[in-house]
Structure formats: structure tokens, C-alpha cells
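Here the structure comes first, spelled out in C-alpha cells, and everything after it is commentary.
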Amino acid sequence: MASTTLSVHQKALRSTVVKKAVMAVTGLVLIAFLLMHMFGNLKIFIGPEAYNDYAEFLKQDLLAPILPHGWFIWIFRAVLLVCLVLHVYCAIVLWLASVEGRGKTKYVRKNRKEQTISSRVMRWGGITLFLLLVFHIMMFTTGTITPGWSGGLIEPYDMFMGAFSNWWVVLIYVVFMVVVCMHVRHGFWSAFTTLGANVGAQARVVLNVLAYFAAALLLVGFLLPPVAVLFGMVN
Amino acid sequence: MKITLKVWRQAEGEAQGSMETYQLDSVAEEMSFLEMLDMLNEQLTAQDIEPVAFDSDCREGICGMCGIVINGSPHGRYESPVPTTTCQLHMRNFHDGDVVEIEPWRAGAFPVIKDLVVDRTALDRIVAAGGYISVNTGSAPEAHSTPAPKLQADRAFDAATCIGCGACVAACPNGSGMLFTSAKVTHLANLPQGQPERRRRVKAMIAAHDANGFGGCQNIGECASVCPKQIPLESIAQLNRDLIASLFRADGKSA
């Protein structure tokens, strides 16, 4: 076994705590992305031009002329993809460690005192939101699934209006966002704690309040535009 | 009062066990939980049934030897108004006719030896990896020669109250020993005497933690809520800070 020859430093580098730290950093990057994405979506309320121009700007002009036109979006996607891959990889390794940690025999009776629902559905919730993320990308990024418009990628505003005039698409996104926000609720607090920010009982309260705030902000911010479109309040 | 007990019975050397039901007819509310188990064992012995094996020693809540899961909660914390060890839980917290389920700590790192007795030497192996300071033995040094700031001294003392019972591992949905490990790390990291080995200690102890079959921490908080000594959850954040910082500092030559 190679593991017997590892130095203490190398073992520590491969420890569960470091994997958690990687999950924390990548998770916080993804939360920052979600907040930006949510804010951008609200431009649907300003009008087609504002929304389409913003989408175009993200893809073509952001950081230009530092970067050539059209480069930013690919760097951005690459960073997100790396974060996602690292996050999921560490989650899988930690999940396996946790299965070993729990042991083979289960409690006949469990009476948990402290846990929240969000904290206990991090893994299955993570899988659910990964699948919904694939669905989301197949709709708006690749134009493979096109409910409400006829094929391929069209103007972002038209895709948005078309998709969310279907009640079932809105319903899927409500589920999507509830899962995302539960994941963020525990993940936000957990990420900061893993990085050492939980310095005392008050810090724990502050971090949890911030976590609820971030999750609620995302939930409301992300669901406002689709629901408004469904009920014809955007035109 | 009458109590129906459902107790995990597992013969020594067996991988599997099952819950067996026993009746106790005259449990006094003044009895501690372990005295109630003693009563059960006297009854079982008289009936020529093998008594239930369970760990206990000081019976005053300071040794960390006792520890069973009562009604799904380590040390019966769910039944108790205050943080408690099993020996300090009293039958007055139960009612006539209650059904009480008793199980051993269940964790990958704690194999069951017999009935309610588990092997907790995995915790000793974590301590052996670095939960100490290296000093020469001899007469105690003058205490005033190494001043410890009050805040750090308090934190160290609070963490040092950990009795190593393993309730945190038993309560954790991941079978993680992080609260235990972090209590040891916090204890020594806050004292001047712990500084020379601080970085190496945290690395060695987390390596031992992971190597002994404990799971990772998800910051759920079950551990701290059942801890009889109220080791705070922020101990884990202290461990995380120390570990992350230690990765960016060089060690000396390894022995």
C-alpha cells in the first residue's frame, strides 16, 4: 500500500478536512455565481432589449478589451466547470467515507436532536440539482429541449418568455430552486464553518442567519421572473 | 414503576445481534439508568439468562466509560433536561409503562464487543498520534514562567473537559470523530505548552482520525448537542483553521 509511505503532511493534505475545504471554496464560488445569475435574470422585468443586451454583453463584451471578444464566457464556463467537478468529486469521496464511518449496523431507533432537513439532504439534494442543472443547460445553453419555442437557440428574452409560459416548466423550476436553496442554506453555513469562521456561539448564529438570507434571496429572486411570466405580468 | 426494556443483545465474536425485550416491575425513580440495568442483570441472573454487558466505571459522569444509546439518543440526551452521561441519567426522566430502547454506540470505528460494549480504542489511536505535548518528566515547572492568557486558558480548559466517551461519534450521521479530535486539538492549541507541536499535531491527528474509519464532518451539530461535557461545535472550526494553516507551513525533518 502506498498510503503507509505517506508523510504526515501528505496524509493531512489528503484528509477529509481538506476535501471539505475544497468543497467549501468551490461551493462559495458557485453561490456567488448563483447570486449574479439571479440578479441578471431580474432584467427580464425591464424589457426585451435590456435582457438581450445583458445576455449579449455577458457572452461577448465582459472584460473586453482586456480579453478578446467572446473569450470571457468560455473562461467563465471553464472556472464553473472546474468548481463543479472538484465539488462533486470531493462529495463522492466524503460520502464513501461517511458510509464507512456509520458502520454496517444501523440504529434500530434514531432520535436526532439538532439536524435540519437541509443538512440531511445535502447529498441526495446535490444529485437532484445536478440532474436539474443538466436539464437547465439543455434548455437555455444548448437549445436541445425547447418547450415554448420552435427549436434551437433564439433570442434569450424569447426563450425565457416561451419556456415559462408553460406551467410544467415553471413547476420544474420551482422544485429546482427549492432544492438549490436548501442546498445553499446548509452549504453556506457549512462552508464558512469548514473554513474556520465559526469562532463562537454568536458566529454560529450570524452564519446561519446569513445562510437563511442567501437562500431566501435566491429563492425569491430566481422564482419571481418565471412566475411573473406564467401569470402574464411580463410583456 | 414498570419499564419495558428493549436491549441490543449481541454475543461476543458475533457480527449480528438483535433487540430482546425484558420487563422490570419495580423501578424506583431515584435509580440511575445504570442502577436500573444492574437491577435487570440481577433479574436475568436469577432467571439463568446471560446478563447484559455494558461499560461503566466512575458512575459520576467524569470517566467517559459508560455510554449507550437510549431511545435513539446517545446517553439518553433526549430524555434528559441537561447534558448528561448515561450514569447521570435518572429514571425520574421516564414514566410508568415506558418502553425504553437501548443500543450500543453504532459507528464503523466502534465495533461491538458484546451487547452494549463497544471497542473505542480508535479514539486512543487518534490521541496517540499527537494529543500530547512532549516534555521531560521531573518536578513540575514553575507555573508563572509560562503565562496563559485568560481567554485561551478558558477555551483550553473547556475543551479539556472532554471525557472521550464517544457520544459525538455515536450521534453523528457520518460516524465522524471530529468533535472529539477537535476538543483535543483546541485544548492544546490554546496553551503555550502546546505551541511547539501545534501544526504537526493537527496534521497527525486528522490523519489518524481518517485512517481509523471515522467519516467526515458535515457541520450538522448532532455531536455537540449530545456531548455530556458541552464541547462546543466551534472546536471543529478551530481544528479546521489549524489544519488549513498548517498545510502552508513547513515541518522540520521527520523523525
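Below, chains carry the letters A, B, ... as their sequence lines are ordered, and counting in each starts from 1.
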Has the side chain of A/Ser7 got a donor or acceptor atom that lies under 3.5 Å from a matching backbone atom of A/Gln10?
yes
Can you tell which of B/Trp8, B/Tyr78, B/Phe214 has the highest number of heavy-atom pairs within less than 4.5 Å of chain A?
B/Tyr78
Qualifying residue for side chain to side chain donor-acceptor pair (under 3.5 Å) with B/Asn219, from A/Thr194, A/Asn198, A/Thr193
A/Thr194
In terms of heavy-atom pairs under 4.5 Å with chain A, the winner among B/Leu239, B/Val226, B/Leu233, B/Asn212 is B/Leu233
Given side-chain hydrogen bond (donor to acceptor under 3.5 Å, both in side chains), test A/Arg185 with A/Asn208 step by step and report yes or no.
CA-CA 8 Å; A/Arg185 214 296 297 155; A/Asn208 271 299; 3.0 Å; yes
Could you look at B/Gln238 and say if it's the side chain, the backbone, both or neither that has a heavy atom under 4.5 Å from chain A?
neither
Taking atom CD1 of A/Ile66 as the centre, does the number of heavy atoms from other residues, nucleotides or ligands within less than 6.0 Å exceed 12?
no
Salt bridge B/Asp154-B/Lys150, side-chain N to carboxylate O under 4.0 Å
yes
What class does the angle between the rings of A/Phe140 and A/Phe160 fall in, given that below 30° is parallel, 30 to 60° is tilted and above 60° is perpendicular?
parallel
Selection from A/Glu114, A/Arg109, A/Gln115 maximising heavy-atom pairs under 4.5 Å formed with chain B:
A/Arg109
Please determine whether side chain to side chain contact (heavy atoms under 4.5 Å, CB included) holds for the pair B/Gln218 and B/Ser176, giving the CA-CA distance in whole Å, both sets of side-chain angles, and the decisive distance to 0.1 Å.
CA-CA 9 Å; B/Gln218 265 191 304; B/Ser176 176; over 6 Å; no
Hey, is CD on B/Gln23 packed in by over 12 heavy atoms from elsewhere, all under 6.0 Å?
yes
Within the distance-only criterion (no hydrogens, no angle test), does the side chain of A/Tyr107 pair as donor or acceptor with the backbone N or O of B/Arg106 below 3.5 angstrom?
yes
Cut-off 4.5 Å, heavy atoms of chain A, and the answer for B/Pro74 is neither
Interface moiety of B/Met205 toward chain A, non-hydrogen atoms closer than 4.5 Å:
neither
Below 4.5 Å from any heavy atom of chain B, which atoms of A/Arg204 appear? Answer side chain, backbone, both or neither.
side chain
Where on B/Glu222 is there a heavy atom nearer than 4.5 Å to chain A: the side chain, the backbone, both, or neither?
both
Between B/Ala170, B/Ser246, B/Cys223, which shows the greatest number of heavy-atom pairs under 4.5 Å with chain A?
B/Ala170
Could you walk me through whether B/Glu79 and B/Ser73 pass side-chain hydrogen bond (donor to acceptor under 3.5 Å, both in side chains), step by step?
CA-CA 8 Å; B/Glu79 314 296 338; B/Ser73 175; over 6 Å; no
When B/Pro232, B/Ala204, B/Pro173, B/Gly175 are compared by non-hydrogen pairs under 4.5 Å with chain A, the top option
B/Pro173
Show your reasoning for whether side chain to side chain contact (heavy atoms under 4.5 Å, CB included) applies to B/Asp158 and B/Ile231.
CA-CA 7 Å; B/Asp158 285 349; B/Ile231 302 299; over 6 Å; no
So for atom CZ, which belongs to A/Phe39, do other residues, nucleotides or ligands contribute more than 12 heavy atoms lying within a distance under 6.0 Å?
no
Spell out the residues in residues 122-134 of chain A that have some non-hydrogen atom less than 4.5 Å away from a non-hydrogen atom of chain B, in order of number; otherwise answer 'none'.
A/Met122, A/Arg123
Given the options A/Arg120, A/Met23, A/Lys104, which has more heavy-atom pairs under 4.5 Å with chain B than any of the others?
A/Arg120
Between B/Pro111, B/Ala171, B/Ala109, which shows the greatest number of heavy-atom pairs under 4.5 Å with chain A?
B/Ala171
Between B/Asp210 and A/Lys11, does any NZ, NE, NH1 or NH2 come within less than 4.0 Å of an OD or OE carboxylate oxygen?
no
Quick check: are there more than 12 heavy atoms from other residues, nucleotides or ligands sitting under 6.0 Å from NZ of A/Lys113?
yes
With only heavy atoms counted, which part of B/Leu247 is less than 4.5 Å from chain A, the side chain, the backbone, both or neither?
both
Closest-packed option against chain B by number of heavy-atom pairs under 4.5 Å, given A/Asn111, A/Leu195, A/Thr16
A/Asn111
Hey, mind stepping through A/Thr116 and A/Ser118 against side-chain hydrogen bond (donor to acceptor under 3.5 Å, both in side chains) and telling me if it holds?
CA-CA 5 Å; A/Thr116 57; A/Ser118 299; 4.8 Å; no
Does atom CD1 of A/Ile117 have more than 12 heavy-atom neighbours from other groups under 6.0 Å away?
no
Parallel, tilted or perpendicular for A/His37 and A/Phe222, by the 30°/60° rule?
perpendicular
Select one option (side chain, backbone, both, neither) describing which atoms of A/Lys106 are under 4.5 Å from chain B's heavy atoms.
backbone
Is A/Lys20 in contact with chain B via its backbone, its side chain, both, or neither, using a 4.5 Å heavy-atom distance?
side chain
Mind checking whether A/Phe192 and A/Phe188 have parallel, tilted or perpendicular rings, split at 30° and 60°?
tilted
Should the pair B/Glu101-B/Lys6 be classified as a salt bridge under the 4.0 Å nitrogen-to-oxygen rule?
no
Heavy-atom pair count under 4.5 Å with chain B, highest-scoring of A/Gly103, A/Ala21, A/Ala203, A/Gly200
A/Gly200
Chain B contacts: which residues in residues 85-100 of chain A have a non-hydrogen atom closer than 4.5 Å to it?
A/Ala97, A/Ser98, A/Glu100
Part of B/Leu243 within contact of chain A (heavy atom distance under 4.5 Å)
side chain
Checked B/Gly216, B/Ala107, B/Ala207 vs chain A; the most non-hydrogen pairs under 4.5 Å come from B/Ala107
